[in-house]
Each structure stands twice: as C-alpha cells, then as structure tokens.
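Some notes on the structure that comes next.
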2 protein chains.
Amino acid sequence: MASITIIDIAKMCGVGVTTVSRAINNHPDISEETKAMIMQVIKENHYVPNNSARNLKRSASKTIAVLIKGITNAFFNRLIQVFEKEIQQKKYSFILQRVDDKEDELEVAIELEKEKRLRGIVFLGGYFSHAKEKLEQLSVPYVLCTIGMTEEFDPNEYSSVSVDDFKESYKMVDYLCSQGHKKIALISATMDDVSIGKLRLEGYKKALADHGLAYNERLVRCMKEDLESYSMKNGYVVTKELLESEDEFTAIFAISDSLAIGACKAIFEAGKRIPEDYSVAGFDGVDISYYYNPSITTIRQPAEDIAEETIKILFDLIHKKTTHIHKVFPAELVVRESTMRIEQG
Amino acid sequence: MASITIIDIAKMCGVGVTTVSRAINNHPDISEETKAMIMQVIKENHYVPNNSARNLKRSASKTIAVLIKGITNAFFNRLIQVFEKEIQQKKYSFILQRVDDKEDELEVAIELEKEKRLRGIVFLGGYFSHAKEKLEQLSVPYVLCTIGMTEEFDPNEYSSVSVDDFKESYKMVDYLCSQGHKKIALISATMDDVSIGKLRLEGYKKALADHGLAYNERLVRCMKEDLESYSMKNGYVVTKELLESEDEFTAIFAISDSLAIGACKAIFEAGKRIPEDYSVAGFDGVDISYYYNPSITTIRQPAEDIAEETIKILFDLIHKKTTHIHKVFPAELVVRESTMRIEQG
DNA sequence: TTGTAAGCGTTATCAG
DNA sequence: CTGATAACGCTTACAA
C-alpha cells in the first residue's frame, strides 16, 4: 500500500497542493469552507503528512533533543516525562539520546543538530566542561538542566535551570551537624566532576567548617567509575567499603537518593540500624525516598518545575524572546525517618 | 552558518555528488582511494548528512518506534535502555513515544508510521485488544513486548516476547501457599485488563484452587484507575484500604514490585511488621526489590533477554528472515526477606 | 569507476 | 483566496 500524499489529497479535493498545504498548516489565506472540506477528505483517507519531507523543506525540523549523560538516574525519569509531555504539547518531535559516560555529549549534540536539524537541545547530567570554540559549533539554542556550572563559564553564553547545589548540600550537612553529628561521611561524585558533584562537595565542606568540624577526606568517598553512576549499587559498594574501613562516622550524606538506598542496604547487611547506628541522608526527593523503610531524609528538588522551566526557556530562546537566563529553584529539606539527633559527645 | 551539504563536499573534492554519496553509504562501486579522500574532507568539515533528506528519498526511514502504554513503570526502564542501545547499534533512529492510558496506542502507531516512515514498532505495556482490520492498517512489522495476549488473537498474525504470566503468577502463589498462607490478597490490574493483568489473576486463582483454597474476591484488589498504574502510590493506597477493611489475610501478592513496595509502606504505617505480620511478594525483579528493606520476594523477569530478543525478532521481521514468533522466557522465583512460612492453622 | 539528472513529499514564492 | 512551480538535500537509475 503506497502511502497517500498531499498530491493525492489535492486531486481528490479538486484543488491545488498549495491549498491543501495551507489547510494542514492553518495558514490564514484560505476560506473556512475549502479548509473544512479538505480536512474532511484528509481525515477520511487517514492522510498524515510525511515528516521527512516537511523537515527537509523547512530549514529546521520541529524537533527538540534531550541528551542525557550517563545512564538514567531515577531523578531524571521524572524530568524526562515532563519534557516529553511539554514538547509533544508544542507539537514538536522529541528525541531522547542517552550518551555514554565516556562519550562527549557536545560532540553528539553537534552531529545530531546537523543530522536531525534540531530546533533546540536540553542537556541533562554530566559536567559540561567544554571549550568555548566547540560550544560555538552548536548553532541552536540549548539549556543545561540540573548541571551546575562553575565560574569559568560566562553566564551570558548559556542558559541553565537547576537548584543551588552548593546551598542545598550545605543545608543538609548543616542539618546533620545541628543534630549532633560530627563525623559525617559523604558519598560524592567522582573527583573529575566539576559540576554538581563539586558543588555538593563544597557545600559539605563549608557546612562542616561553619560548625567548627574538621574535614576528613577519608570520609569522602567517590562513586565507583566502573559502576553505573548514582546507582543503588554504587552506593552499596561504596558504603560497604566505608564500613569495612577503620573510619568512624555517625551519618552518611549521599548525593542522590539512589546512592542513599544502596548505603542503607550495606548498613543493614552489616547488622546495623538506621537511624540508631547511622543516620542516612539523600538528595533529589524521588518517590522511593518516601516509600523506603525507613523513609529517607532528603533534599527534594522540584522536578516538575525544573523540567517545565527548562522547556519554557528553551522555547523562549528559540523564539528569541529572551537572552540567557539562569533559573535557580529552591529545594526543600525533607526530614524523615532515616536521620536522628545523637548525643553530643 | 548555512549548513554544508553533499554538493559542497562534492565540489571541494572535485567529484560528483554520486561519488560522495557512495562514499558515505559504503557502496561497492568506488575506489578505496577516492573514498578515503572524500571521507577525509567530510571529517574536516564536520559534514553530517541531512537525515530528513535521506529519509525522504529512501522509501522508509531507518527508524524504530517504541510505544509505551501508560506512564513508565520501573520495569520498563530497563527494557527501554536496552532497546535504545540495540537500535543505536544497528544505526537506526529510535523514537520513544509514551501513549496515555486513555489513548489508543494503535491509532498513535498508525499515524506515527506514516508521519515518520517507520521501519518497525515495539509495543510495550497495555492490553492490545484491537480489531483485526485496524491492525492491518499497520504495514510495518511490530513486536508486542511483555504484553500477554489472550486466545482470541491468531498467533500467526503478530509476534511477541514475554514471560508466561499465568505460570509465573501461579509459581508465586503456589510458593506462598506452600509456606502455609491460606489467605492471600492480590493487588491486580484493573478488571478491564485482558492482558497480563488477567493472566496473573488467573494464575493466582489456579494456584489457590490447586491448594484447595477458596477464592475470596474481597481479597483481590485492583489498582486505582485514577492513580498512575503499577506505581508505589497505587500499591500504597490499595493496601491501606485493604488493611482498613475487615478482610483478613496473611500475605499480599502484588503484580509488580512497585506496587509491593507501596504495600509495604502501608503495612509499616499500620504498625505491622513484614514478614512477621504480613508476607509481601512482588513481580518483575527490579533493582529496588533487592535493595528494599526488607528485600522483596519476587518473580524476576529477564529484562535484558526480553528486550534483546524483542529487537532481534523485530529486525528479523524487517528483513523478512522469520515468520511470526512468540518467545516466552522463563522467569525466576526469588525468595527474599519479605515473605516467611507461617504456622498451619 | 564516475557523473548527470530525476525524483522523494513538502512548503514558499509569486503570479493570477 | 488559489494554484503552478521551484527549491530543500539526498539516493539512485542511467549514461559515460
């Protein structure tokens, strides 16, 4: 069954192809009458315009790509769902491209832009430490979502949406300190992470300092590079090592809820209790942090808001309605069962 | 920066466009020499062929769509990751389209096929109860993944990959019975689910019957239609209702791990213990079922195998290497901490 | 082995 | 308001 084209429709309606095109695309220059008639015929024949042809003709296709660095972390799933919904709502196509931890996401983006004639790009995750000249090869608007940027980048060169990773991390560690914890372990990103990983580490250090606590680098444990980043397994393995080491601590702050859950597993396996023996805190505020037993104290990021704002900014950029913007959402400390006050001592 | 085209490359190389095209597409009729030279120029200029143009020319674009019915259930995420990897590996584009619970996925598929000139489709989730004539409007190969089909469909008309939902469900309930449970609640799909929901319910009934246990419909609770299906929240709400009812039971079998975790939360909130007061079992074998506290007894579906086989069959179908196939993978009962033997009585 | 030229199905330009 | 017709960038007969 050869597919039906706009020409077929035009013939059936006894009009020119232009007119059919106008009907499809809601152009003003067409009478309501003919338009209704054409739409009727289109519906009856299940005609759907060929996307490739449209994209070829339009200089840019109506598609947005979302590039995710590293394998899916649960928090991203919520974001992605919102992206998808919003993009579909705007009648754009949506391309999800996961890029491996070792790959260069910018490289991928540049290729994809040409290949698929993208209208916009969302970068999710990763560090985004790229040379400026390479960044300039990207000619479509893009927004960095939940990727904290360090100072070396000119804020007028890109847009971003995130929480204040430094502040929120500080908030959690400050809370833990206020509960009497003096030896707080951190499950952090790998050391080469100059993005949120670094910011959260800095927040941790600052909070410690502000409470007059010494920074003990033996309590800072990085995720394993050979395991999926931010995964439960990673948290489990790292915590297990920590527990087996001689280093004492009373609380663990993991920079994602998934890591925190892995940490819990390791602690339970060691025959210890949470929060009586160890307090455990996470970051993100994904569903499972609430459902876990014990429920996990965490920093809840407003995922829906973040995702919606990301898309909003991206489309504003596409329509040239705005210059570069850096939207920072507040996150919320949610205290639950996995942490407790301990005796000063 | 106007994009560079195949013509530009041809000019730069001092050859015809055909030659460039041949170089790009690994055609045989070209000397290694010219090919190398052309590829070199392409690389230097960061040329990437316009996908729309290629797709327009080729009668079908090299793209596979995965349609997911209903909002993402954690189990699907693993499948999707594998799909993505495999499809990318085959140099095909990958389109992920979530379709709302109320929407007709077949309708969406038919549109998408025309619009994007798909080469193949994977259906994930849903019941897939469609009229044969409508099914015939789909002219590209498709594979049903983890969608149990009931008898009324002719197995020669479609391909599928899944576990034996009836058998695996039976296996779990049989296990629970063997542990002395006589009053086993079921958190099942909505009653209009004629697919895996129904099959798992049938497996439950059969196991009960084989153990000489009466079927008590008050112990069969359906997910709430107004909540995300298969979600933790759904399991939580349903279980809460169940606990507040007068109906006695000693075990709950939830047809997904997420539901099971929600159930656990409700039980803990009621001040009860797992497994001492209630045994809880899930289905799927997602990571969190292992990491949860207590770890959840479940049926582990071989997600990677299922996903890989789905893609394999789809491509075999595309290349006409096979007729319709129904691959059924065995799943595994994984006994963990959330269930226990109780006294006969 | 290489090049020329005709489409693929749309949309946009411009003349009726 | 409507309709020819020329692109859009690529693949592929067909010719050389």
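We name chains A, B, ... by the order of the sequence lines, and we start the count at 1 in each one. In what follows, every heavy atom counts, from backbone to side chain, and hydrogens, waters and symmetry copies are set aside.
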Check: With respect to the side chain of B/Ile30, which nucleotide from C/dT11, D/dA13, C/dT2 is positioned closest?
Finding: C/dT2

Check: Will you find, in the side chains of B/Lys116 and A/Ser93, an N or O donor that is under 3.5 Å from an N or O acceptor?
Finding: yes

Note to self: In this structure, how many angstroms lie between the C1' atom of C/dT10 and the CD1 atom of A/Ile7, rounded?
What the structure shows: 9 Å

Check: Under the 3.5 Å rule, do the base of C/dA12 and the side chain of A/Ser21 count as making a donor-acceptor pair?
Finding: no

Next item on the list: Check the pair B/Phe123, B/Leu144 against side chain to side chain contact (heavy atoms under 4.5 Å, CB included), reporting the backbone distance first and the verdict last.
Entry: CA-CA 5 Å; B/Phe123 287 97; B/Leu144 270 34; 3.7 Å; yes

Check: If you check the B/His27 side chain, which of C/dT10, D/dT12, D/dT2 turns out closest?
Finding: D/dT12

Notebook entry, point to check: B/Asn51 has an atom CG; how far is it from atom C1' of D/dG9, in whole Å?
Noted result: 11 Å

Item checked: Side chain of A/Arg22 (C-beta onward), nearest among D/dG9, C/dC14, C/dG3 -> C/dC14

Note to self: Show me the pairs that pass ring pair (Phe, Tyr, Trp, His ring centres under 6.0 Å) and involve residues 101-122 of chain A, at least two apart or across chains.
What the structure shows: none

Notebook entry, point to check: Looking at B/Lys312, B/Lys320, B/His319, which one forms a side-chain hydrogen bond (donor to acceptor under 3.5 Å, both in side chains) with B/Asp316?
Noted result: B/Lys312

Next item on the list: Ignoring backbone atoms, test whether B/Asn55 places a side-chain nitrogen or oxygen under 4.0 Å from the OP1 or OP2 oxygen of D/dC10.
Entry: no

Notebook entry, point to check: Can you tell me if A/Lys35 and A/Asn26 form a side-chain donor-acceptor pair at under 3.5 Å?
Noted result: yes

Check: Out of C/dT11, C/dA5, C/dT13, which nucleotide sits closest to the side chain of A/Lys57?
Finding: C/dT11

Check: When the nearest nucleotide of DNA chain D is assigned to A/Thr34 and to B/Ser52 on a heavy-atom basis, which residue is associated with the more 5' position?
Finding: A/Thr34

Check: Reckon B/Thr19 has a side-chain N or O less than 4.0 Å from the OP1 or OP2 of C/dT2?
Finding: no

Check: Taking NZ from B/Lys114 and P from C/dG9, how many angstroms apart are they, rounded to a whole number?
Finding: 14 Å

Next item on the list: Identify which nucleotide among C/dA5, C/dT10, C/dC8 has an atom closest to any side-chain atom of B/Leu56, counting heavy atoms from C-beta outward.
Entry: C/dC8

Next item on the list: Return yes if the base of C/dG9 and the side-chain atoms of B/Arg117 contain a donor-acceptor N/O pair under 3.5 Å, otherwise no.
Entry: no

Next item on the list: Quickly work out the B/Lys62 NZ to C/dC8 P distance and round it to whole Å.
Entry: 22 Å

Checklist line | Closest listed nucleotide, where the reference is the side chain of A/Asn50 and the choices are C/dT2, C/dG9, D/dC10 | finding: C/dG9

Item checked: Separation of atom CD1 in A/Ile6 from atom C1' in C/dG9, rounded to whole Å -> 8 Å

Note to self: Heavy atoms only, 4.0 Å cut-off, all strands: where does A/Ser31 land among base, sugar-phosphate and nothing?
What the structure shows: sugar-phosphate

